[in-house]
Amino acid sequence: MREEYLRAAESISSADALLVCAGAGMGVDSGLPDFRGDEGFWRAYPPYARLGLRFVELADPEHFAEDPELAWGFYGHRLNLYRDTEPHEGFAILRKWGAAKPGGVHVFTSNVDGQFQRAGFDDVAEVHGSIHHLQCLAHCGMGIWSAEDVTVEVDPETMRARPPLPSCPHCGSLARPNILMFGDWDWLGDRSQAQLDAFTEWRRANPSLAVVEIGAGLAVPTVRRQAELASAANGALVRINPREPQVRHGRGVSLPVGALEALTTLDSLLSDA
């Protein structure tokens, strides 16, 4: 793949700004599960395999009203996992590349884990929200607030949360993560929309972009579509994906490997250059 790596390095080197478009595959090298298919999800969470519960069934806002201990068991475990996870070295490499660009670096991600912010990125558009922020289930008008002071204890055998569950500081009703779930009509998108507005403004101000897309699959193609749209003018797309690496119409570069391997190799080429 040396030729592909060289082409990718040239795209990154010649651009005035860097756009990182990241899906769940970005966190795999940090030890995070990517929930790829039911089998992958159940390997990450064996208790749910015993219960026969799939990811799409658990990521449903109805559970917060019907069985809040089950709902918060799933999201509470993820909240604790993301808090305990250190971003892998690939995040620092992307930050370094962006810092060398006059237009800087911006992130567009479907991930709700907050890993980019933990790695020191300031400009992040979280299109599906963030597990580190909450909203009120009762729609009391509280809006969106930080989950920084919230703790959730989860029984590892049943994967159910133990009371007390997170609650709204304004009205005392049950709280839920500010994440866009499946079939979710109650999600408050104000925070994400403000991020997206800032992202759109940055994109317009920086037409000379290199787009590095990492770990974004086809099942929910939001991130891939954004990467293709942003790179349509110049074809400067680097797609890093070990399972679904194909680039349509031959525009851009395909690297069929994991995030850390690709970024480390590219960084070595860019440093040599």
Side-chain angles (χ1 to χ4, degrees), residues 1 4-5 7-8 11-12 18-45 48-49 53-60 74 78 82 88 90-91 94 106-113 115-116 124-131 179-184 187 189 192 195-196 199-200 203 209-263 266:
M1 292 192 298
E4 286 80 6
Y5 271 116
R7 288 175 56 209
S11 291
I12 296 166
L18 178 68
L19 171 59
V20 178
C21 293
M26 179 63 184
V28 169
D29 291 307
S30 299
L32 296 177
D34 64 0
F35 301 155
R36 183 177 175 82
D38 293 339
E39 294 300 324
F41 174 63
W42 287 334
R43 280 195 297 273
Y45 291 104
Y48 294 132
L53 290 172
R54 299 178 298 136
F55 172 69
V56 294
E57 294 173 312
L58 287 160
D60 185 329
F74 176 57
R78 291 177 68 189
Y82 297 152
H88 60 74
F91 287 87
L94 290 168
H106 215 114
V107 176
F108 180 95
T109 183
S110 59
N111 298 339
V112 301
D113 52 30
Q115 289 285 288
F116 279 99
V124 183
E126 297 164 300
V127 68
H128 291 164
S130 167
I131 201 169
I179 292 174
L180 179 61
M181 305 176 196
F182 293 102
D184 193 351
W187 179 58
S192 290
Q195 294 176 335
L196 289 169
F199 165 67
T200 300
R203 255 195 63 194
L209 280 175
V211 181
V212 179
E213 178 204 297
I214 307 170
L218 291 167
V220 182
T222 309
V223 173
R224 287 174 80 106
R225 288 175 179 166
Q226 180 60 238
E228 290 171 356
L229 176 65
S231 62
N234 60 7
L237 169 63
V238 179
R239 173 164 287 155
I240 299 169
N241 194 310
R243 297 189 184 100
E244 297 163 333
Q246 296 80 10
V247 176
R248 293 192 297 175
H249 311 304
R251 292 179 63 82
V253 182
S254 169
L255 298 176
V257 295
L260 184 57
E261 178 181 346
L263 295 173
L266 284 169

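In this text the structure is predicted, and so the values were computed from the model without any measurement.
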(message) List the residues meeting ring-ring contact (aromatic ring centres under 6.0 Å, His included) with Phe199, not counting sequence neighbours, and say none if there are none.
(response)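 Scan of Phe199 (ring-ring contact (aromatic ring centres under 6.0 Å, His included), adjacent residues dropped) gives His106, Phe108.
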
**Request:** Name all residues meeting the salt bridge (charged side-chain N to carboxylate O under 4.0 Å, His left out) criterion together with Glu57; count only those two or more places apart in sequence or in a different chain, and write none if there are none.
**Result:**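 Testing Glu57 for salt bridge (charged side-chain N to carboxylate O under 4.0 Å, His left out), a comparison that skips the adjacent residues, returns Arg54.
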
Please name all residues satisfying salt bridge (charged side-chain N to carboxylate O under 4.0 Å, His left out) with Asp60, sequence neighbours left out, ordered by chain then number.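 Asp60 satisfies salt bridge (charged side-chain N to carboxylate O under 4.0 Å, His left out) with no residue once adjacent residues are dropped.
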
task: For a side-chain contact (heavy atoms from CB on, under 4.5 Å) with Leu18, tell me which candidate from Val212, Val211, Val107 qualifies.
output: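 Single side-chain contact (heavy atoms from CB on, under 4.5 Å) partner of Leu18 among Val212, Val211, Val107: Val212.
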
Applying side chain to side chain contact (heavy atoms under 4.5 Å, CB included), name anything that partners [X], two or more places apart in sequence or on another chain.
| X | value |
| --- | --- |
| Ala236 | Ser11, Asn234 |
| Pro256 | Met1, Pro245, Ser254 |
| Gln195 | Ala125, Glu126, Arg191, Ser192 |

List the atom of [X], the atom of [Y], and the distance in Å for their closest heavy-atom pair.
| X | Y | result |
| --- | --- | --- |
| Ala8 | Val253 | N-CG2, 3.9 Å |
| Ser231 | Leu237 | OG-CB, 3.5 Å |
| Trp187 | Val127 | CH2-O, 3.7 Å |
| Leu218 | Glu244 | N-OE1, 3.1 Å |

> Who are the side-chain hydrogen bond (donor to acceptor under 3.5 Å, both in side chains) partners of Arg224, not counting sequence neighbours?
Replying inline: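 Counting only residues at least two positions away or on another chain, Arg224 forms no side-chain hydrogen bond (donor to acceptor under 3.5 Å, both in side chains).
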
Item checked: Non-neighbouring partners of Tyr5 that pass side-chain hydrogen bond (donor to acceptor under 3.5 Å, both in side chains), sequence neighbours left out ->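 side-chain hydrogen bond (donor to acceptor under 3.5 Å, both in side chains) list for Tyr5, sorted by chain: empty.
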
(request) Scan for side-chain hydrogen bond (donor to acceptor under 3.5 Å, both in side chains) pairs involving residues 211-220, sequence neighbours excluded, and state none if there are none. (result)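 For residues 211-220: Glu213-Arg239.
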
Considering only heavy atoms from C-beta outward, does the side chain of [X] approach that of [Y] to under 4.5 Å?
| X | Y | answer |
| --- | --- | --- |
| Ile214 | Leu94 | yes |
| Ile240 | Leu263 | yes |
| Gln226 | Leu196 | no |
| Leu32 | Gln115 | yes |
| Tyr48 | Phe55 | no |

Sequence neighbours left out, cut at 3.5 Å: what donor-acceptor pairs do the side chains of residues 19-31 make with other protein atoms?
{"residue": "Asp29", "atom": "OD2", "partner": "Ala259", "partner atom": "N", "Å": "3.4"}
{"residue": "Asp29", "atom": "OD2", "partner": "Leu260", "partner atom": "N", "Å": "2.9"}
{"residue": "Ser30", "atom": "OG", "partner": "His88", "partner atom": "N", "Å": "3.0"}

Check: Rounded to the nearest 0.5 Å, how far does CD1 of Ile179 lie from CG of Asp113?
Finding: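 Answer rounded to 0.5 Å: 9.5 Å.
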
Straight-line distance of Tyr82 OH to Ser130 OG, nearest 0.5 Å: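 One gets 10.5 Å once the value is rounded to the nearest 0.5 Å.
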
